Amino acid sequence: MKTTAFHKYHVAAGAKMAEFAGYDMPIEFTGINDEHLAVRKCAGVFDVSHMGEIWVKGPKALDLLQRITTNDVSKLFPGKVQYSCMPNGRGGIVDDILVYKFTDEKYMLCVNAANTDKDWAHICREGEAFGMRPGTELENASDNICQLAVQGPLAMKIVQKLVDHPVEQMPYYTFEQTEVAGCEAILSITGYTGSGGCEIYAYNADADRLWEALWKAGEEYGLKNIGLGARDTLRLEKGFCLYGNDIDDTTSPLEAGLGWITKFAEGKEFIDRDRMERLKAEGVKRKLVGFKLIDRGIPRHGYPLKTVEGAEIGLVTSGTMSPSLKVGIGLGYVAAEHAAPGTVIAVEVRGRLLKAEVVKYPFV
C-alpha cells in the first residue's frame, strides 16, 4: 500500500488505519460521531493526500476540458474552481472532479483517489486529438503533492494564523497560490463537509513543516484529527455524492441530480452531449433521492428500496445514522415515479421493511 506524507502522524495518534484507494489511510481516531461533531462545531483536519492532481496546460487546454467535462469551463476565471464530471461515452461518469483555473493555458484537476489512474488514462487518450501529450501539456502530479482539508466553522481562523494576508473571507469555490506556514501552497475554498473551511495543497517535501505549524495554530481552537469515516458521514448529511457509491460508470449525471453541472452551451461538444440532451428531453427513468427513516434503523449501501407494499423500486447507494439528527438517512436511486419529496418508501433491513420518507437534501 501507498502512504501519504502525513502517515507517521496518524499512526502516532493511534488512528484506526485501513486500505482505501490503495493507500493506508486513517479511518477514525476518537470515534466517528465524536469527530463528526467536532467538525460541525469547531474544526478538524483531514489528510486527503490520496486525492489525485492532474495538470492540463497549453493553448489547447480549454478545448480539451470543454470536450471531457460536462460543466462550462469557459466561464472560469483565474482563481476560480468549478465542480464538474467527466462523461465516459456510454452515458455514465468516469469521475466527478474539481477544475482549477490558473491562467488561460493552465488548469489543475483534483480527482478521486480511486480513479486517478483511470482518469489519467482517459485524459491522455482524449488529449491525443488535441496534440496534447503526457509529460508536456499533461502531467499527473499526484505523487508529488500532499493535501490537508481543514474543515469546520473555526477552520479559517486557524489557517489565517499561517498566512500573511486576509483569507478568512475568501469566496466559496475560489483559490489562490500563496504561502501557508512558509510553504508554497494552493489554498482552496471548496470542502466536502458543508461546514466551511479550506484545502491546502503543498509539496510532499513541505509536509512536516505544514503539519506542525497547523497543529500549533489550531491548539487554541480545539483542532482535531478526523478520519475517512467521519468524512463520509459529514458529506452524506449534506447530500454530496461519493464516486463508487452514488455515481459511477453506469450512472448519468442527470439521474444523479447533477443537471446543474451539465451545460449544453453553444459550441461545447462534450462527450455524450447528444445522449444527455435526449435523456433530458425524454426524462430519466430513475432518480437519486435523499430519504430519512421514519422507523428506527440504519440504511446501508446495497440495501433494497421498496414500496411500503414490498415492490422493489431501487437501491440504497449511501446510508448512515446521522450523528447530527440521530436518525437513519441515505441516498439511493428509485424509479422516477417514487422520487417526489414526501413519498413514503421502505428500506429492507435484514428482511424487515422500515418506512422512510423521500426528502430534499441537504439533510442538515
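When a residue number appears, it is its place in the shown sequence, counting from 1. Just so it is clear, the structure is predicted and the values come from calculations on it, not from any experiment.
- Every residue two or more places apart in sequence or in another chain that forms a ring-ring contact (aromatic ring centres under 6.0 Å, His included) with W211 is listed here: F6, Y9, H10, W215.
- Within the 4.5 Å cutoff, the side chain of M276 has no heavy atoms near those of the I271 side chain.
- Counting only residues at least two apart or on different chains, the side chain to side chain donor-acceptor pair (under 3.5 Å) pairs with a member in residues 169-185 are H165-E176.
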| Candidate pair K57 and E105, rule salt bridge (charged side-chain N to carboxylate O under 4.0 Å, His left out), full reasoning | CA-CA 5 Å; K57 296 175 282 189; E105 296 190 7; over 6 Å; no
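- Within 6.0 Å of NZ on K80 lie more than 12 heavy atoms contributed by other residues, nucleotides or ligands.
- With sequence neighbours excluded, the residues that form a salt bridge (Lys or Arg N to Asp or Glu O under 4.0 Å) with K2 are D143.
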| task | Could you walk me through whether F175 and F102 pass the ring-ring contact (aromatic ring centres under 6.0 Å, His included) test, one step at a time? | result | CA-CA 9 Å; F175 74 95; F102 289 76; 4.7 Å; yes
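- Salt-bridge annotation for R275 and D272: present, with a side-chain N of the basic residue lying under 4.0 Å from a carboxylate O of the acidic one.
- Ion pairing between a basic and an acidic side chain is recognised when a charged N comes within 4.0 Å of a carboxylate O; R133 and E128 show no such pairing.
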Listing, residues 346-362 side-chain donor-acceptor contacts under 3.5 Å, not counting sequence neighbours, or none:
{"from": "E348", "atom 1": "OE1", "to": "K306", "atom 2": "NZ", "distance (Å)": "2.5"}

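- Take D34 and apply the side chain to side chain donor-acceptor pair (under 3.5 Å) test, not counting sequence neighbours, and it matches T30, K224.
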I'd like a table of donor-acceptor pairs (distance under 3.5 Å, sequence neighbours excluded) in which one partner is a side-chain atom from residues 239-248, with atom names and distances.
{"from": "Y243", "atom 1": "OH", "to": "I93", "atom 2": "O", "distance (Å)": "2.6"}
{"from": "Y243", "atom 1": "OH", "to": "V94", "atom 2": "O", "distance (Å)": "3.1"}
{"from": "Y243", "atom 1": "OH", "to": "K118", "atom 2": "NZ", "distance (Å)": "3.1"}
{"from": "Y243", "atom 1": "OH", "to": "D249", "atom 2": "N", "distance (Å)": "3.2"}
{"from": "N245", "atom 1": "ND2", "to": "T317", "atom 2": "O", "distance (Å)": "3.1"}
{"from": "D246", "atom 1": "OD1", "to": "T317", "atom 2": "OG1", "distance (Å)": "2.6"}
{"from": "D246", "atom 1": "OD1", "to": "S318", "atom 2": "OG", "distance (Å)": "2.8"}
{"from": "D246", "atom 1": "OD2", "to": "R235", "atom 2": "NH1", "distance (Å)": "2.8"}
{"from": "D246", "atom 1": "OD2", "to": "L242", "atom 2": "N", "distance (Å)": "2.9"}
{"from": "D246", "atom 1": "OD2", "to": "S318", "atom 2": "OG", "distance (Å)": "3.1"}
{"from": "D248", "atom 1": "OD1", "to": "T250", "atom 2": "N", "distance (Å)": "2.7"}
{"from": "D248", "atom 1": "OD1", "to": "T250", "atom 2": "OG1", "distance (Å)": "2.6"}
{"from": "D248", "atom 1": "OD1", "to": "T251", "atom 2": "N", "distance (Å)": "3.3"}

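- The ring of F291 has its center no closer than 6.0 angstrom to the ring center of F363.
- For W55 and Y100, the ring centers are positioned 6.0 Å apart or more.
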